[in-house]
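A short worksheet on the structure shown next.
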Amino acid sequence: MTEEGVSEAVKTALADLVRAFDAAVAAIEAEPDPNRAYGGATQLVETIRQLNELSGDRRALTAARIFEQERMSLADLAGRIGVSKARAAQLIKTAKDATDQRGTAMEETQ
């Protein structure tokens, strides 16, 4: 994981996340009942899967924010964030889809 250009607040939050993961693993390993330990491990995997999905959306939304605020081309965005032009386009699409999903979820709760 690169730390270049990452704020201290983000670094601290990520360190907390790693500590929380370690604590969950320790609790699973300390569970004397293997069935409950397996249940805990399953919850850990599901939580990490959800966090992975949400963090991918966050990355895409942040790329879209750069794209929109700086009014750049996809090629310029790709160069800025160090990905291919095709990957930059995927990130913008993911951001749009995440925004659309968020809008749909908001409409459903009203």
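For R49, the salt bridge (charged side-chain N to carboxylate O under 4.0 Å, His left out) criterion is met by E46, E53, not counting sequence neighbours. For A24, the side chain to side chain contact (heavy atoms under 4.5 Å, CB included) partners at least two apart in sequence or on another chain are L44. Partners of L51 by side chain to side chain contact (heavy atoms under 4.5 Å, CB included), not counting sequence neighbours, listed by chain and number: L17, T47. Residues satisfying the salt bridge (charged side-chain N to carboxylate O under 4.0 Å, His left out) test with D16, not counting sequence neighbours, are R19. For D22, the side chain to side chain contact (heavy atoms under 4.5 Å, CB included) partners two or more places apart in sequence, or in a different chain, are V18.
F21 is listed as a side-chain neighbour of I48, based on a closest heavy-atom distance under 4.5 Å. With contacts defined as side-chain heavy-atom distances shorter than 4.5 Å, the pair I66/M72 qualifies.
In this structure, CZ on R59 lies 15.0 Å from CG on L54, to the nearest 0.5 angstrom. Atom CG of L91 sits about 5.0 Å away from atom CD1 of I81, to the nearest 0.5 Å.
Heavy-atom neighbours of Q90 CD from other residues, nucleotides or ligands within 6.0 Å: above the threshold of 12.
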* Assess whether side-chain contact (heavy atoms from CB on, under 4.5 Å) is satisfied between L77 and I92, documenting all intermediate values. => CA-CA 10 Å; L77 176 63; I92 298 303; 3.8 Å; yes

* To do: Apply side-chain contact (heavy atoms from CB on, under 4.5 Å) to F67 and L74, showing your working.
  => CA-CA 8 Å; F67 182 69; L74 280 174; 4.0 Å; yes

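Within the structure, the salt bridge (charged side-chain N to carboxylate O under 4.0 Å, His left out) test picks out the following pairs touching residues 76-90 (sequence neighbours left out): E70-R80.
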